[in-house]
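Notes follow once the structure below has been shown.
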Amino acid sequence: MPSAESVTERAAALRAQIARHDRLYYELDAPEIPDAEYDRLFRELQALEAEHPALRTPDSPTQRVGGKPLPAFAPVRHVVPMLSIRTETDTESTGALNFDARVRRELKLDDTQPPVEYAAELKFDGLAINLRYERGVLALAATRGDGETGEDVTQNVRTIHEVPLTLVPQPPAGELSGRPSLFDAPSVPEIPEVLEVRGEVYMRRDRFDAFNLRADAAGERTLVNPRNAAAGSIRQLDPAIAARRPLSFFAYGLGEVQGWNVPATHAGVLDALAAFGMPVCDHRAVCSGADALAAFHARIAEARAGLPFDIDGVVYKVNSLALQQKLGFVTREPRWAVAHKYPAQEALTTVQDIEVQVGRTGKLTPVARLA
Ligand code: IVH
C-alpha cells in the first residue's frame with residue numbers, strides 16, 4: 001500500500017506531465033510521446049482519482065473529459081453585465097472615421113487636440129463566454145444569455161483544451177526580469193482573487209472540415225457552419241458530446257475583477273491575459289486616430305481569407321480604460337467600442353453538376369459542383 005503522501009505526489013506529477021503533453025499536442029502541435037503513452041498516464045491519474053476522490057482537483061486534466069449529462073443548465077447571474085457592441089453599418093473606411101468622430105465629440109475634443117488611441121482587434125464569429133477564475137482556478141463558465149443572466153456551461157467549457165484550467169502565476173510587479181535575486185524576499189506569485197475573462201468560443205475552419213469528413217464517413221450528423229458548431233456544442237447537455245467537438249477560445253475582455261491591479265489600457269489587459277496563459281489573438285494593434293483604424297480594417301480585409309477561422313468584421317475599442325469609463329454606455333452598448341463589418345462575401349457562379357453522395361448508412365446527400 002503506497003503511503004498517502006506518495007499517492008498525492010504521484011497524482012501531482014501525473015497532472016503536471018499530462019498538462020505539459022496537452023500543451024505540446026494542442027497548442028504547439030509538437031507531441032513528444034505516442035498517444036498510447038499519453039492514454040496510459042491519463043488512465044493512471046483517473047484510477048488514482050477514482051480511488052482517492054480528494055485528489056480530484058478542479059484543475060485536473062481528467063476534468064476535461066466532462067462528467068454526467070445535465071438535466072438542464074443552471075442560470076448564472078453576471079456580476080458585471082455582458083454587453084453587446086454597436087455595429088457600424090458603413091463597411092467602407094468612413095465607418096472608422098464616423099466612430100472616431102463620435103468618440104471625439106463625446107470627449108469634447110477639438111481638431112487641435114491629439115488623436116485618440118484605440119485598440120483594434122478581430123470580431124470573432126462564435127459564442128460569447130465568461131470564464132470565472134477564483135484564486136487562479138477556473139471555477140465557472142457561463143454563456144452571455146440576455147446579458148444579465150446566462151447559463152452555467154462549465155462542464156462543456158472545461159473540455160476546450162485551449163481554455164486554461166489554472167492561470168499561470170505572474171511575478172510581482174516591479175520584478176522585471178522575473179529572476180529571483182539573492183537580496184529579494186521570496187516572491188509570492190500574483191494571482192487575482194477573482195478574474196473574469198470574457199471571450200469567444202469558436203471553431204477553426206480546418207477542424208470544422210475534418211470533423212465533418214469524419215462524421216460523414218461514419219454516417220453521423222454533420223455540423224452546419226463553424227459558428228453554429230461552436231454555439232451548438234457549448235449548449236449540449238451531455239459534456240461527452242461537447243468534448244468531441246474541436247473548439248477554440250480567444251479572450252477579448254474582462255468581467256468582474258477582485259484583488260488585481262488592472263492595467264490602464266485595453267491592450268495592456270490583453271497582454272496581461274496572454275501572460276496568464278489565456279489565448280489572445282495576435283491580429284491586434286494599437287491605433288492612433290481614425291486613419292490608423294481604417295488602415296487596420298483594410299489590412300484585415302486582405303488577411304481575412306487566409307485566417308484559419310471566420311470573422312465577422314473588426315472591433316475598435318478606446319484603449320484607455322479611464323476614457324472608456326468616462327464615455328460610458330447607451331442602453332446595452334458602450335460608447336467606447338464599435339464593430340466594423342466587411343461587405344458580405346458574395347459572388348455569382350453557376351451550378352455545373354449535382355452529385356448525390358451515398359453515406360455508409362445509405363443516407364443520400366446532394367452536393368452541388370460550382371464553377
Ligand atoms: S467586446 C462591451 N470584442 O460580439 C463590449 N466582442 O456584440 C463587449 N465579439 O456577443 C464585447 N469578437 O461575443 C468584443 N473582439 C471582440 C469580439 C466580440 C466577437 C462578440 C461578442 C458579443 C458580440 C458583441
Side-chain angles (χ1 to χ4, degrees), residues 78-89 95-96 99 102-103 106 118-131 141-151 153 157 160 162-163 196-204 225-235 247-257 262 265-271 273-274 278-287 293 296-297 300 303-304 307-321 323-342:
H78 299 299
V79 178
V80 177
M82 289 181 81
L83 303 163
S84 56
I85 325 181
R86 175 197 157 109
T87 300
E88 176 59 62
T89 43
F99 172 60
R102 268 202 310 278
V103 168
E106 292 290 342
Y118 298 100
E121 55 199 48
L122 306 185
K123 185 159 195 290
F124 312 107
D125 202 11
L127 181 73
I129 290 287
N130 184 61
L131 304 175
T143 60
R144 174 165 174 262
D146 63 3
E148 298 285 339
T149 307
E151 289 176 319
V153 290
V157 170
I160 305 174
E162 287 180 18
V163 171
E196 288 189 352
V197 179
R198 289 183 175 168
E200 198 89 349
V201 169
Y202 69 97
M203 194 181 283
R204 288 170 54 126
N225 59 46
R227 204 206 81 82
N228 285 340
S233 306
I234 288 301
R235 300 203 62 262
L247 299 173
S248 295
F249 179 79
F250 275 134
Y252 57 61
L254 296 176
E256 195 197 0
V257 177
V262 180
T265 62
H266 181 73
V269 166
L270 294 188
D271 290 341
L273 293 181
M278 299 300 311
V280 175
C281 183
D282 286 336
H283 289 281
R284 58 188 173 105
V286 173
C287 297
L293 289 181
F296 182 83
H297 186 258
I300 298 299
R304 188 179 180 194
L307 292 174
F309 46 82
D310 289 343
I311 59 167
D312 207 20
V314 290
V315 177
Y316 311 136
K317 297 172 181 172
V318 170
N319 200 24
S320 152
L321 300 197
L323 285 186
Q324 287 187 4
Q325 208 165 17
K326 199 163 160 192
L327 284 158
F329 306 89
V330 246
T331 57
R332 319 282 313 140
E333 296 169 346
R335 285 199 192 86
W336 45 264
V338 80
H340 194 188
K341 302 246 183 177
Y342 290 108

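Note that ligands are numbered from 1 as they come in the structure, with each ligand's atoms numbered from 1 the same way. As the structure is a computational prediction, the values presented were derived from the model and not from experiment.
- Sorted by chain then number, the residues whose non-hydrogen atoms approach ligand 1 to under 4.0 Å are Leu83, Ser84, Ile85, Glu121, Leu122, Lys123, Phe124, Ala128, Glu200, Tyr252, Val315, Lys317, Pro334, Trp336.
- Between Arg86 atom CZ and Arg335 atom CZ the span is 10.5 Å, to the nearest 0.5 Å.
- Lys341 has no carboxylate O lying under 4.0 Å from a charged side-chain N of Glu88, or vice versa, which leaves the two without a salt bridge.
- Annotation: the span from Thr143 atom OG1 to Ile234 atom CD1 amounts to 9.5 Å, rounded to 0.5 Å.
- Summarising the geometry, atom OH belonging to Tyr202 is positioned 7.5 Å from atom CZ belonging to Phe124; distances are rounded to the nearest 0.5 Å.
- No side-chain donor from either of His78 and Glu256 sits under 3.5 Å from a side-chain acceptor of the other.
- Comment: Lys123 does not engage Asp310 in a salt bridge, judged by the lack of any side-chain N to carboxylate O separation of less than 4.0 angstrom.
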